There are 2 protein chains.
Amino acid sequence: MGKLDRRRREILELVASNSFMTIDSLADHFSVTPQTIRRDINEMAEEGLIARYHGGAASVSTTENTAYQDRQVLNLGSKREIAKLVAEHIPEGASLFINIGTTNEEVAHALLGHKSLKIITNNLHVAEICAANQGFEVIIAGGVVRQRDFGVIGEATIDFINQFKVDYAIIGISGVDEDGSLMDFDYREVRVARAIISNARQTFLCTDASKFGRRAMVRLGHLSEIDALFTDRHPGPVWSDVIREADVSVYTAN
Amino acid sequence: MGKLDRRRREILELVASNSFMTIDSLADHFSVTPQTIRRDINEMAEEGLIARYHGGAASVSTTENTAYQDRQVLNLGSKREIAKLVAEHIPEGASLFINIGTTNEEVAHALLGHKSLKIITNNLHVAEICAANQGFEVIIAGGVVRQRDFGVIGEATIDFINQFKVDYAIIGISGVDEDGSLMDFDYREVRVARAIISNARQTFLCTDASKFGRRAMVRLGHLSEIDALFTDRHPGPVWSDVIREADVSVYTAN
DNA sequence: CGGTAAATTTTCGTTACCGATCAAAATGCG
DNA sequence: CGCATTTTGATCGGTAACGAAAATTTACCG
């Protein structure tokens with residue numbers, strides 16, 4: 001293999017892992033002139049290996065599920081802040097369940113600052129995020145993968161979860177009714193969530209305030225089964241009474 | 001929320017899902033002048049939300065596991081070709097096991113062209129890739145997630161896999177000895193692979209020719225247990241005899 | 001060692017993008 | 001409605017990146 005092939009292969013790697021590389025930074029990296037890099041990436045762009053842009057090159061997006069990625073960015077700011085708050089309440093060395101939801105994926109990110117945790121999840125993304133930390137023991141629940149949000153559901157999943165008993169359950173939700181009922185759309189996911197709650201010593205509900213008042217079909221449980229609610233702002237006066245009666249600690253980010 | 005906030009949020013989404021966006025394409029998309037887009041992305045770049053480059057903006061890489069991503073691009077070309085070849089030998093409607101390995105992840109990509117498949121895997125990435133296809137039923141095996149390659153391993157994984165019996169096993173490997181022994185580095189992964197092979201009617205070994213002669217510690221099995229070998233070029237004369245004796249069909253890409 | 005081809009650097013005129021500035025338009029608010 | 005503020009558009013000189021082509025170096029092979 002020639003030096004040229006090796007360089008082009010490495011360019012491909014660099015562009016792939018940084019998503020964008022300037023001509024100049026590549027020229028520096030290989031100690032060649034920008035011209036040489038231009039020739040490389042122009043030819044690679046013709047082969048469709050990378051995408052050429054003015055000033056550099058980007059990886060050609062091979063990603064299948066853009067719909068999900070788009071949804072994931074919605075309300076990203078508040079989700080991040082909620083996640084940070086939750087992470088501050090999880091002690092080092094704890095064991096956790098984390099279920100489905102984009103907010104929970106942000107929680108997983110926020111938890112990466114911890115040294116040592118034991119995490120059991122039915123969310124493919126959470127498993128993948130947490131696996132990055134050497135100090136974590138990550139366990140994925142087996143079962144059918146739901147296409148919509150990469151959640152794992154089904155009877156096998158419930159059986160799997162029932163094998164464990166952990167310190168904290170991190171739960172997301174699709175909606176909260178005026179009477180404090182926690183609601184979701186998929187009864188299979190609800191059954192998994194119930195198994196998670198009943199096998200955890202404490203349950204944290206993580207959801208942005210917009211979910212309060214949102215309608216969903218399947219009843220998951222009630223606020224009184226929750227120990228703490230983490231949200232971006234207080235959900236509003238309608239829920240003040242039911243939250244107080246349910247004896248839920250409320251933590252608001254910001 | 002103002003029109004400006006909405007536009008910036010959407011810019012963030014577009015940049016995130018396309019990894020790079022030019023000023024002009026964004027200006028077209030929002031029907032504003034490039035100046036306006038420049039202002040937007042310059043300010044967002046100051047906040048650290050995106051990365052500014054000459055001619056456009058790229059997503060700031062939040063990715064944790066660059067080491068794995070780098071490795072994944074190695075030999076990408078031949079892996080893709082092997083994967084394509086494998087996909088051509090899998091009939092519509094079949095049920096499959098797919099285990100760990102970057103080549104197998106490419107197989108998962110290649111299989112997306114199929115309409116309907118039932119896929120059971122202990123590889124987080126394969127599950128995620130296959131979940132994109134509405135016609136697929138994807139099942140992830142439960143167990144401990146290995147940090148190195150997002151494989152799921154352990155006793156629970158073996159039990160889970162033993163629940164199924166499928167048409168095809170798609171198997172990757174770390175090395176093949178001169179005597180035809182299939183070798184791997186992790187005995188826990190080997191035990192999962194053995195469970196997969198014994199619960200499949202046919203086994204396909206997918207590996208590039210560079211693995212032939214590579215050393216590894218744990219014996220997984222022997223070429224004679226394999227029905228077909230998919231590779232990028234014939235492994236060489238040293239293996240000709242053992243392959244013939246093992247009665248393995250060899251398919252070489254290109 | 002010499003000759004040939006491939007790869008890289010150098011040079012230079014051209015094009016595309018940039019930021020600053022100011023004017024125009026939209027928006028918000030009493 | 002009218003004023004203040006924010007947001008957007010237009011202009012322009014300056015700079016960075018571009019491709020083409022020639023010159024130079026490197027790699028290869030007998």
Side-chain angles (χ1 to χ4, degrees), chain A residues 1-61 73-78 210 233 254, chain B residues 1-61 73-78 210 233 254:
Chain A
M1 171 172 45
K3 195 185 288 185
L4 184 146
D5 292 320
R6 193 163 24 244
R7 188 182 58 234
R8 294 202 178 172
R9 185 177 304 205
E10 198 177 338
I11 289 176
L12 206 59
E13 293 179 23
L14 284 166
V15 171
S17 57
N18 296 37
S19 85
F20 186 89
M21 286 266 93
T22 62
I23 301 269
D24 287 342
S25 67
L26 287 169
D28 281 354
H29 182 269
F30 294 104
S31 303
V32 296
T33 55
Q35 284 309 325
T36 303
I37 301 295
R38 274 198 198 99
R39 204 151 12 78
D40 287 338
I41 65 179
N42 282 347
E43 288 174 27
M44 287 198 284
E46 291 222 347
E47 295 173 43
L49 296 172
I50 54 175
R52 179 73 162 95
Y53 292 104
H54 203 282
S59 59
V60 43
S61 59
V73 191
L74 232 94
N75 246 331
L76 186 59
S78 28
S210 71
R233 57 173 204 279
N254 212 343
Chain B
M1 172 170 46
K3 195 184 287 182
L4 183 145
D5 290 319
R6 193 165 20 248
R7 187 182 58 234
R8 294 201 179 173
R9 184 176 306 206
E10 198 176 338
I11 290 176
L12 205 60
E13 292 179 24
L14 284 166
V15 170
S17 57
N18 295 32
S19 85
F20 186 90
M21 286 266 94
T22 63
I23 302 267
D24 287 342
S25 66
L26 287 169
D28 282 352
H29 182 268
F30 293 105
S31 302
V32 294
T33 56
Q35 296 304 331
T36 303
I37 300 295
R38 275 198 197 100
R39 249 191 307 270
D40 288 338
I41 64 178
N42 282 347
E43 289 175 28
M44 288 196 285
E46 291 221 347
E47 297 173 44
L49 296 171
I50 53 177
R52 180 73 162 94
Y53 291 104
H54 204 282
S59 59
V60 43
S61 60
V73 189
L74 233 95
N75 245 329
L76 185 59
S78 28
S210 71
R233 59 174 203 279
N254 215 343

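Chain letters run A, B, ... following the sequence lines, proteins first and then strands; every chain starts at 1. Hydrogens, waters and symmetry mates play no part in the numbers below; they use all other heavy atoms, side chains included. Treat the numbers as computed from the prediction; the structure is a model and nothing was measured.
A:Phe20 and A:Gly56 make their closest contact through CZ-CA, 3.9 Å (heavy atoms, listed as atom of the first residue, atom of the second, distance).
Residues A:Leu14 and A:Phe30 are in side-chain contact: their nearest non-hydrogen atoms beyond the backbone lie under 4.5 Å apart.
Nucleotide D:dA20 holds its P atom 12 Å from the CZ atom of A:Arg39, rounded to whole Å. Regarding A:Glu43, its CD atom lies at a distance of 12 Å from the P atom of D:dA20, rounded to whole Å. Rounded to whole angstrom, the span from the CG atom of A:Asp40 across to the P atom of C:dA7 amounts to 10 Å. Nucleotide C:dA7 holds its C1' atom 14 Å from the CD1 atom of A:Ile11, rounded to whole Å. For A:Ile37 and D:dG19, the CD1 to C1' distance is 16 Å, given to the nearest whole Å. We find that CZ of B:Arg7 is positioned 16 Å from P of D:dT6, with the value rounded to whole Å.
Remark: of the listed residues A:Leu12, A:Asn18, A:Ile11, A:Ile11 is the sole one forming a side-chain contact (heavy atoms from CB on, under 4.5 Å) with A:Val15.
Regarding contacts with the backbone of D:dT8, every side-chain N or O of B:Thr36 stays at 4.0 angstrom or more from both OP1 and OP2.
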request  = Test B:His29 against B:Met21 for side-chain contact (heavy atoms from CB on, under 4.5 Å), laying out the working first.
outcome  = CA-CA 11 Å; B:His29 182 268; B:Met21 286 266 94; over 6 Å; no
task = Starting at the 5' end of nucleotides 13-18 of chain D, put B wherever the base has a protein heavy atom under 4.0 Å, S where only the sugar-phosphate does, and a dash everywhere else.
result = ---SSB
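Annotation: the span from B:Thr33 atom OG1 to B:Asp24 atom CG amounts to 10.5 Å, rounded to 0.5 Å.
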Mind listing the side-chain donor-acceptor pairs of residues 41-51 of chain A below 3.5 Å, one per line with the distance, residues two or more places apart or on another chain?
| unit_1 | atom_1 | unit_2 | atom_2 | d |
| --- | --- | --- | --- | --- |
| A:Asn42 | OD1 | A:Arg52 | NE | 2.6 |
| A:Asn42 | ND2 | A:Arg38 | O | 3.3 |
| A:Glu43 | OE1 | A:Arg8 | NH1 | 3.0 |
| A:Glu43 | OE1 | A:Arg8 | NH2 | 3.1 |

